[in-house]
Amino acid sequence: MRDTASILHLDLDAFFAAVEQRDKPSLRGKPVIVGGISGRGVVSTCSYEARVFGVHSAMPMHEARRLCPNAAFLSGRFGAYRIASRQVMTILRSLSPDVEPLSLDEAFVDLVSGGVTDYSMEALTELGEGVRAQVHEVTGGLTASVGIGSSKFMAKLGSEAAKPNGLVIIPPGTEADRIADLPVSAIPGVGPATTERLNRLGLRSIADLRRATPTELRHELGQATATWLQDIAYARDDRTVSALREVKSISVEDTFETDYTKVEDLMPMAARDAVLVARRLRKAGWFARTITLKLKLADFTTHARSRTLLGAVDSDETIAEVALSLLNEQRHLLSAGIRLLGVGVSGFTREAQEALFEVSAARSDESRVEIPSMVARRSHTMYRPGDDVHHDVFGLGWVWGTGLGRVTVRFETATTGPGKIHTFALDDPDLKPAPVVPPGGDEDGIEETYDDADE
Ligand code: TTP
Ligand code: MG
């Protein structure tokens, strides 16, 4: 742990919903819910106005509709979120070379390597407020919460305490007192399973944890976790801020004891790896567009083949189907002997787009894997609630609702006042989907991904 508050953590407030309110003036100050609009969709996030009703991330959408029927329900515009994310990360990288993004809207910054020398409360307040103001200005109105502390744990606790739209600096020396009454689940890395095990031992708060015996913890949770818990209970956390820790792909590989030559032998391993990858993907809350199958031959040459889907997926079935079909496409390599097989995913988004596709992989004959065919159901333009559109007469607007062959559009943008509503036929030739136009205009279509952190 450092003796200065030199790690900053920034997290945007109600990120996806805030971008929607920025670009849709009529929704400002109102409940906005972003997520999977369909039957079994879940809430990605919602505005603070919707949180008052009890709506939160990961809640089934039908429940959110019940709690807050008058909210605007939007399916999300990832292009716009990606651009805002990039703008924020650029601001943070101007502070320090060591910026570690944790997701699209959240990052740690190491102020020491950024050259900050004055760690007085006044100087840090000025710095923190300066970053928040810059984010607000550059993104055209998004608000961020910032925490500054002597460790990652403290910085993150600070930004959580600062939410929404605030700054909290945790003065060095106060850390251990500050966390004593927190539940053990507040500790980074302590998920529901560990929380339950600790609770079973009668350990509920961080102060309780301090009273536990090392042997008891080690016995129940293993050496590594026990050590971590004993340190963090006293706020001892020397995890570094690392720009290299970004995750750009997730993969699972198997190296075999003997070389395989038969596709029937390799198929179960590819399928199992695909399921492991899918599980890690879901845990990270991501969906992937690209699936890769890697083979290393007995002669140590490596062959990788990828397929990029039209939509982003996270299901065991889809990832396994694609991996198996990529294996099938590389059958000609098998006779050389396969010593390693790996399945990976990349091209992450926060949203599933599986509904747009049909993956049909008939596997009637076990030894033959049909290539899945991706059929985009775009017989005519699909408008999803919240999508940007352009009308030749009325200009830029967003899809307010669709049904019965009609689409209702509200004509407003980030820079207009609340706009008027008009309804059109779905196939109105004057109406088209509009590209995301960011404030500052840097639409380049590049996927915002996270750098490699393979196991
Ligand atoms: P968060 O930072 O967890 O949430 P938030 O920014 O919406 O709200 P706040 O930080 O003010 O509490 O997540 C950032 C974005 O990630 C969020 O806007 C939407 C997306 N997300 C999901 O898609 N699914 C999820 O389960 C979560 C937690 C977030
Ligand atoms: Mg956030």
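When a residue number appears, it is its place in the shown sequence, counting from 1. Just follow the structure's listing: the first ligand is 1, and inside any ligand the first atom is 1.
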Cationic tip of Arg239 above Phe153 ring, under 6.0 Å, 45° of axis | no

Residue from Glu160, Glu106, Lys152 passing side chain to side chain contact (heavy atoms under 4.5 Å, CB included) with His9 = Glu106

Which is it for Leu12 and ligand 1 at heavy atoms under 4.0 Å: side chain, backbone, both or neither?
-> backbone

Using a distance threshold of 2.8 Å, what protein N/O/S atoms lie below it relative to the Mg ion (ligand 2)?
-> Asp11 OD1, Leu12 O, Asp105 OD2

Identify which one of Val343, Ile250, Val252 satisfies the side chain to side chain contact (heavy atoms under 4.5 Å, CB included) criterion when paired with Leu276.
-> Val252

Hey, are the side chains of Val131 and Val109 touching, using non-hydrogen atoms and a 4.5 Å cut-off?
-> no

Looking only at heavy atoms, is any part of Glu106 under 4.0 Å from ligand 1, and if so is it the side chain, the backbone, or both, or is it neither?
-> neither

Mind checking whether Tyr48 has a heavy atom under 4.0 Å from ligand 1?
-> yes

cation_pi(Arg82, Phe78) dist<6.0 Å, angle<=45 = no

Contact partition for His56 relative to ligand 1, non-hydrogen atoms under 4.0 Å = neither

Examine Arg406 relative to Phe424 and say whether NZ or CZ is less than 6.0 Å from the centre of the six-membered ring and inside a 45° cone about the ring axis.
-> no

Heavy-atom contacts with Phe15 under 4.0 Å: which atoms of ligand 1 show up? List them by number with element.
-> 5 (P), 6 (O), 7 (O), 18 (O)

